[in-house]
Amino acid sequence: MSTGAKKRIMKEYAECAADTPAGMKIIFDEQNMTKWEVLLDGPDQSIYAGGHFKLEITFPNEYPFKPPVVSFKTKIYHPNVSNDDKGSMCLGLLRPDEWKPPNKVVSVLRLIQTLLIEPDIDDSIEPSIANEYKENRKEFDKNAKDWVKRYAK
Amino acid sequence: MSTPSPIPPPNDRRSSRASSNAGPPSSNLNVPSEPSDLLVVGGPPSSPSPLALRASNSPSSKRRKSRAAKVPPDVHMLEYVSACDSNLVCLICHSPFDRPVKLPCEHYFCRECVDHAWDAQQEDLRSCPTCRTKVDPQKDLSPVPRIIETMLDELVVKCPNTKTGCDWVDQRVNVHDHVMLYCEYTLVECPSTDCRLPISQKDFHKGCLHSTVSCEHCHASLMKKDLEVGSVMSICPNRSTNCPHCFIELLRLDLKPHVKDVCPMVSIPCSGAIVGCKVTAERIEVEEHEKTCPMATMAPFFREQQARVERSEARLDPLSRKIGILEDGLTNITSMLYPANGNDSSFPVTNPLDPNSSEAFPPASLMPTPDFRLPPASFPPVPQSSDTTQAQPPFDSQVHHLLTLHESLRDEVSRVSNALTELEGRTSMTIMNENQRVKEDMLHTNAAINGMRMQLHWLMSATLQQRSASAAGSSTARAGSSTGPSASGSGTQGASSRASATFRAPIRRLSDSTRQDVKL
């Protein structure tokens with residue numbers, strides 16, 4: 001990783017630390033600054049309220065020319081988060097072909113928060129969950145809350 | 001590029017300013033090899049001792065080598081004194097622009113950043129990192145307006161050698177000259193011919209300082225050049241120093257304990273602070289105050305209480321963890337128990353303990369019931385027992401707990417075996433019932449078959465009788481064959497109608513007559 005990229009990550013961290021979106025906490029390790037840990041509280045107006053989620057943001061070596069990789073370390077029942085060990089999240093500005101170098105990590109964090117409040121059904125990674133969200137909202141809410149209780153307390 | 005420099009260097013006619021702005025850094029590397037630069041090196045009034053000049057007057061090849069080791073400052077790495085206008089920041093590196101270029105879409109980037117961005121793209125698909133407008137790197141890059149360059153040049157930065165001691169702060173446009181020419185802390189190669197380690201420019205004239213020596217006070221061994229540095233001298237624990245508060249002279253080693261516990265002039269809070277006393281004064285005064293302060297007298301007691309609370313909390317923690325582990329173990333055991341029960345699927349099982357399934361076995365019960373696992377709810381005593389074991393807070397011992405656990409498991413097993421026997425009884429009952437029904441069915445069927453046989457028998461005998469009768473009839477008809485075909489037809493009518501045979505319609509099929517008979 002080039003020094004420029006490191007410098008940029010440092011700057012982004014400074015920016016995030018100065019203006020962290022509500023309910024988030026960033027754990028930053030200077031020794032390994034390409035891996036951020038984010039502790040995220042489920043937004044109050046979402047069904048994930050009360051849950052505490054651990055996210056990992058990994059910056060590729062080509063950052064900022066390649067998008068950072070966001071993954072949920074805590075299991076979450078969400079149409080846009082893959083339901084496996086990786087818990088990867090791939091959508092919108094995080095997609096390799098949509099990513100632009102000027103995008104900032106803060107906006108990525110904001111996007112994640114918005115998605116917890118309002119999943120993006122048309123761009124889902126878990127079609128079954130997306131389907132349930134569309135057709136059986138009650139069941140979806142119940143499952144999501146159940147998962148929050150089980151994994152995210 | 002012609003921004004006036006606030007510090008005009010002694011011989012400023014050289015192109016160094018221009019090169020710092022626009023030229024590639026390499027162009028600077030050969031500049032200092034001119035002999036006249038030697039004066040510039042020693043330019044700042046602090047350093048040029050005759051010794052320095054002599055040292056740098058060594059053979060020119062050596063000189064070039066030492067100067068060439070200087071690394072021009074990386075603009076991206078500079079530390080800015082004040083926050084920069086966000087419009088002057090490159091969106092890729094998030095630092096103020098370095099040699100910015102303008103794309104046709106009016107987006108600005110550092111030259112280097114946009115090149116990096118394009119490295120990641122395909123040859124003919126180069127586009128603006130912000131808006132994705134197609135760009136031809138050969139043609140479309142244009143210089144940015146002069147005013148922007150000026151604003152960038154005037155940003156105030158710190159010297160990159162700040163960490164090693166330089167406190168230079170000035171406009172960015174000058175940083176290159178400062179680092180390459182004036183800064184005493186820029187690293188150059190050691191003057192000694194057989195040493196290649198770097199050394200600060202200000203220590204250049206002292207000769208090679210890269211030999212290990214030991215500190216005369218604390219006997220730690222370190223490099224001579226580090227010994228020279230003031231900051232290291234101030235680290236040595238055995239050097240004497242003055243207490244900043246009471247000005248007593250003592251070893252650095254002892255300074256901390258002195259300040260913490262002894263120094264009468266250092267200001268400390270009253271020892272009643274944990275109870276709420278707000279007095280903070282120099283140690284002497286505080287000692288006077290504590291004699292009268294009621295809170296200070298209470299403080300030790302409170303401290304002890306606090307310590308006790310903390311100890312209890314610390315003890316609580318492993319206990320709660322232990323409970324968690326035990327709970328987990330218990331759930332594991334129960335879950336092991338249920339599948340062991342449910343796996344016994346060699347014959348269809350309905351849960352005998354489940355009240356829902358206690359209605360009579362339906363006739364179709366021989367089909368395997370899909371859900372035969374015991375729902376956990378059917379074993380209420382297990383959670384209960386776990387509750388009771390945890391409800392007695394101080395376990396007498398681990399063994400006691402294990403014994404209760406064992407007891408409850410034994411209960412569990414006996415319940416399961418009871419359930420199994422009951423189940424077996426019910427199953428055999430069902431099988432017997434089923435057998436009975438089948439037997440009855442078979443009796444019915446037998447009766448029906450018998451009826452059929454009787455009927456068939458009767459039919460057969462009737463037909464046989466008829467046939468024998470008609471055979472007799474035809475023989476009589478053939479005897480009187482002069483009457484013609486009509487007579488032979490009448491033969492089919494059977495013996496009873498033989499008298500009227502001559503008047504009847506002549507042709508009738510044999511089957512018709514038999515059918516009539518059947519109806520009878």
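Note on naming: letters A, B, ... go to the chains in the order of the sequence lines (proteins, then strands), and numbering restarts at 1 for each one. What you are looking at is a predicted structure, and each value in this text was computed from that prediction instead of being measured. Keep in mind that the numbers below use all heavy atoms, side chains included, and drop hydrogens, waters and symmetry copies.
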In this structure, are over 12 heavy atoms from other groups packed under 6.0 Å from A/Lys11 atom NZ?
yes

Can you tell me how far apart CD1 (A/Ile9) and NE2 (B/His94) are? Round to the nearest 0.5 Å.
11.0 Å

Between A/Lys104 and chain B, with a heavy-atom cut-off of 4.5 Å, which part of the residue counts as in contact: side chain, backbone, both or neither?
side chain

B/Ser95 side, atom OG; A/Met10 side, atom CE - distance, nearest 0.5 Å
11.5 Å

Part of B/Cys128 lying under 4.5 Å from any heavy atom of chain A:
neither

Quick one: CD1 on B/Ile92 to CG on A/Asn103, what's the gap to the nearest 0.5 Å?
11.0 Å

Interface moiety of A/Lys100 toward chain B, non-hydrogen atoms closer than 4.5 Å:
both

Enclosure of A/Gln45 CD (heavy-atom neighbours >12, cutoff 6.0 Å)
yes

Hey, which of A/Glu15, A/Lys66, A/Glu12 has the most heavy atom pairs under 4.5 Å with chain B?
A/Glu12

Counting heavy-atom pairs closer than 4.5 Å to chain A, which one of B/Pro129, B/Cys93, B/Cys90, B/Cys131 comes out on top?
B/Pro129

Sort B/His116 into side chain, backbone, both or neither according to what part of it lies under 4.5 angstrom from a heavy atom of chain A.
both

Check whether more than 12 heavy atoms from other residues, nucleotides or ligands sit under 6.0 Å from atom CD1 of B/Ile147, and answer yes or no.
no

